[in-house]
Participant: 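Below you will find the structure I want to go over with you.
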Amino acid sequence: MSEPSEQNKQHTADSETDPRVDALRASFPQAILDAAKKGKQLVLKVSGGALVPLCRQLRDDAAFRFDYLADLTAVDAADGLRAVYRLYSITSGDYAQILVPLDESNPRIASVSSVWPGAIWQEREAFDMFGIVFEGHPDLRRILLPEDWIGHPLRKSAEGKEPKE
Amino acid sequence: MSAADLSQFDYERDGNQIVLNMGPQHPSTHGVLRLLLTLEGEVMKDVSPDIGYLHRASEWIGQHRNYAQVTPYMSRLDYVAASAQEFAYVEAVERLAGIEVPRRAQYARVILAELTRIASHLLWWATFGNDLGATTVFLYGFRERERVLDLIELMVGARLTHHSYRIGGVAYDVPVGFRERVLDFLEYLRPKLGEYDALLTGNKILIERAQGVGVLPPDQAVAWATSGPVVRGSGVAMDIRRSDPYSAYPDFDFDVVTHDGCDVLSRYLVRMGEIRQSMRIIEQAIKRLPSGPFMAKLPKVFRAPAGDAYGRVETPRGDFSVYVVGDGSGVPVRVRLRSPCFANLQALPVMAHGQKIGDLVAILGSIDIVLGSVDR
């Protein structure tokens, strides 16, 4: 993130060699902001709009087959709040990382629980810790912290507090 | 007393369904887990786990301590398989910082990780037997686990929270005479496993209680992101030691144990098979232990570069991943802990749906959760 010029160079070189990424860019021209290959891992920077159809294609397309949601979380760093998904393909052993930049004042993103049901609890945890609202989630409430906890402790701005009596 | 007076004692009821609370203080939930059961007669219509009772803000601590200080917290997540979590964390940091770990340290790490797996599976076998009412099994399992803990104590000086993995290597060299002690132990354990099989594995009562109970079809096992013996007990050969090998694992021969019954019995058989595979790995590692340093040369003040990295490790309970984000300073920006127990427990309602309430403890036992790892 700190050296965008060098990363971009690498991105263009890699996306030329990977026809799967070109096909994906053609299907979602607006959604994919950036694509790169980092070792065995495909790194996609995506805008939130077309996340669910993109994820469904990554799962079902024979070229990808990312059938396993290995991890779903968020990072609140100096360069902004982002959701981070890590996908794994049991068939090919490949990884993909999806980064979705979010609005810090009102973080909202579509839920991928319809694609991978395993996301249900992970999205609840991201909501609990970061206050990200997952639209279309079947049961979005706190999971690890008490129900009456105030705030979201892993946000930069957080002052996690227990509720006063 | 008229019927109306009794209504204050009535339980929550909806038609023929009742909602029953199990835990958080229940001996078979292995810690502080609360389950809300929706029952129709004896049949479970829904199971809703309520977690978070053991939450200790480990991810928050991760971004408020320097890189080396985070390591001991990893031991305290899944406290019966401490080294497995440390393994994932140091792997992630070493990948982020591009540190080359000496071969001897890698072998020592694998030996400790596999000893941990044996200890963890023995503990699971003991408590699983106990859950089903087989108290002898409980005593036998703990007896052999004690031997493993003695070996681990000899190696790192601690029995449960090891804290022996360091960024760049291990804290202590493999001690003098360790090879003989390990080989003696493997000789000791081998016939014991035969005893276990004679005592419990072929036991008709176990088979009646475990076969066809708590079924998790392979497609569901993958969709719910389960891992470890749960996913391999559904016939999916996902083992990170094989599919995405880390550390010294490519050097060793072992089989990925799978059973395709998708039930409690299959998960049981996977774990019993894995104890034998871990013994194979340890034997190869201790016989071929390379000489040389056990710690990489690192600067006194450790700073990881800006960027991110994953450490993904096959713990006794499955896929434990650590996602580390650095910004060039000595303190991580983010330490994300992906717990296998958290994901596996999420699939409990799938396994328990439509089963009898009496089978719940067997199904929960077969997932092998540790609440310290679920709640982090």
Side-chain angles (χ1 to χ4, degrees), chain A residues 1-3 7 38-41 43 59 65-79 82 84 86-95 97 99 113-122 124-126 128-130 139 141-147 149 153-156 158 160, chain B residues 48-60 62-63 95 218-227 231 236-238 240 242-245 305-310 312 319 321-328 332-339 342-347 349-350 374-376:
Chain A
M1 295 283 159
S2 60
E3 295 151 32
Q7 267 194 350
K38 198 175 145 193
K40 268 175 87 177
Q41 181 169 270
V43 182
R59 183 194 65 182
R65 278 269 179 272
F66 288 116
D67 44 8
Y68 191 87
L69 179 69
D71 194 17
L72 188 165
T73 187
V75 176
D76 193 7
D79 52 355
R82 56 185 181 270
V84 183
R86 196 180 201 217
L87 318 180
Y88 176 64
S89 168
I90 292 179
T91 343
S92 68
D94 284 343
Y95 287 101
Q97 187 186 45
L99 304 167
S113 55
S114 60
V115 186
W116 299 284
I120 294 175
W121 276 21
Q122 309 226 40
R124 278 179 66 188
E125 194 186 342
D128 200 353
M129 297 297 164
F130 291 90
D139 182 25
R141 57 194 164 95
R142 289 190 187 275
I143 187 163
L144 293 177
L145 296 175
E147 285 160 25
W149 191 270
L154 292 186
R155 288 295 297 273
K156 277 199 305 278
Chain B
S48 174
D50 180 17
I51 61 171
Y53 291 90
L54 208 54
H55 180 59
R56 291 154 297 164
S58 305
E59 293 184 4
W60 188 92
Q63 53 199 50
R95 282 179 198 181
D219 59 326
Q220 292 286 307
V222 172
W224 288 92
T226 62
S227 54
V231 81
V236 180
M238 190 182 90
I240 299 149
R242 175 62 49 80
S243 61
D244 185 15
D308 61 349
Y310 287 92
R312 195 174 185 222
D319 164 11
S321 302
V322 178
Y323 175 52
V324 177
V325 181
D327 63 351
V333 173
R334 178 93 171 96
V335 178
R336 159 70 178 162
L337 310 167
R338 189 270 190 205
S339 150
F342 184 85
N344 290 352
L345 182 61
Q346 200 187 353
V350 183
V374 173
D375 292 343
R376 286 156 285 145

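Residue numbers begin at 1 in each chain, while the letters A, B, ... track the order of the sequences. Quick caveat, the model's predicted, so the values are computed rather than measured.
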Participant: Measuring heavy-atom distances to chain A, does B/Pro332 have an atom under 4.5 Å in its side chain, in its backbone, in both, or in neither?
Facilitator: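 Neither the backbone nor the side chain of B/Pro332 comes within 4.5 Å of chain A.
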
Participant: Is any side-chain heavy atom of B/Ser321 closer than 4.5 Å to one of A/Tyr88?
Facilitator: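 No. Closest side-chain heavy atoms not under 4.5 Å.
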
Participant: Is B/Ser243 in contact with chain A via its backbone, its side chain, both, or neither, using a 4.5 Å heavy-atom distance?
Facilitator: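 Interface part for B/Ser243: both.
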
Participant: Which of the residues A/Pro117, A/Gly93, A/Gly118 is involved in the greatest number of heavy-atom pairs with chain B at under 4.5 angstrom?
Facilitator: A/Pro117

Participant: If every non-hydrogen atom of B/Val333 is compared with every non-hydrogen atom of A/Ala77, which pair is closest and at what distance?
Facilitator: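 Looks like CG1-CB, 3.7 Å.
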
Participant: Measuring heavy-atom distances to chain B, does A/Ala78 have an atom under 4.5 Å in its side chain, in its backbone, in both, or in neither?
Facilitator: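 Neither part, no heavy atoms under 4.5 Å.
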
Participant: Check whether B/Val236 gets within reach of chain A through its side chain, its backbone, both or neither, counting any heavy atom under 4.5 Å.
Facilitator: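 Side chain only.
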
Participant: Quick one: what part of B/Ala223 sits under 4.5 Å from any heavy atom of chain A, side chain, backbone, both or neither?
Facilitator: both

Participant: Based on non-hydrogen pairs under 4.5 Å, which of A/Tyr95, A/Trp116, A/Tyr68 is most in contact with chain B?
Facilitator: A/Tyr68

Participant: Heavy-atom cut-off 4.5 Å, strictly under: side chain, backbone, both or neither for B/Gln63 against chain A?
Facilitator: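 B/Gln63 touches chain A through side-chain heavy atoms alone.
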
Participant: Taking all heavy atoms of A/Ile90 and all of B/Val222, pick out the closest pair and write down the distance.
Facilitator: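 The pair with the smallest heavy-atom distance is CD1-CG2, 3.7 Å.
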
Participant: Are B/Arg334 and A/Thr73 close enough that a side-chain donor and a side-chain acceptor fall under 3.5 Å?
Facilitator: yes

Participant: Under the 6.0 Å and 45° cation-pi test, does A/Arg86 pair with B/Tyr323?
Facilitator: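 Output no; distance or angle outside limits.
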
Participant: Out of B/Asp50, B/Leu54, B/Val325, B/Ile51, which one racks up the most heavy-atom pairs below 4.5 Å with chain A?
Facilitator: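 Going by pairs under 4.5 Å, I would pick B/Ile51.
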
Participant: Let's go through A/Ile143 and B/Phe342 carefully: what are the C-alpha distance in whole Å and the side-chain angles of both, what is the deciding distance for side-chain contact (heavy atoms from CB on, under 4.5 Å) to 0.1 Å, and is it a yes or a no?
Facilitator: CA-CA 11 Å; A/Ile143 187 163; B/Phe342 184 85; 4.0 Å; yes

Participant: Heavy-atom distance under 4.5 Å to chain A: side chain of B/Asp375, backbone, both or neither?
Facilitator: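 Contact with chain A involves both backbone and side-chain atoms of B/Asp375.
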
Participant: Using heavy-atom distances under 4.5 Å, tell me whether B/Asp308 contacts chain A through its side chain, its backbone, both, or neither.
Facilitator: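 Answer is both: backbone and side chain atoms of B/Asp308 are under 4.5 Å from chain A.
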
Participant: Looking at CG of A/Leu72 and CZ of B/Arg336, how far apart are the two atoms once the value is rounded to the nearest 0.5 Å?
Facilitator: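 The CG atom of A/Leu72 sits 7.5 Å away from the CZ atom of B/Arg336.
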
Participant: Heavy-atom pairs under 4.5 Å with chain B - which of A/Val115, A/Asp128, A/Ile120, A/Asp76 has more of them than the others?
Facilitator: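 Going by pairs under 4.5 Å, I would pick A/Ile120.
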
Participant: Given a strict heavy-atom distance threshold of 4.5 Å, which part of B/Thr226 is in contact with chain A: side chain, backbone, both, or neither?
Facilitator: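 For B/Thr226, backbone heavy atoms alone lie under 4.5 Å from chain A.
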
Participant: Check A/Glu125 with B/Arg338, please: is the shortest side-chain N to carboxylate O separation under 4.0 Å?
Facilitator: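 Looking at B/Arg338 and A/Glu125, the cut-off is not met.
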
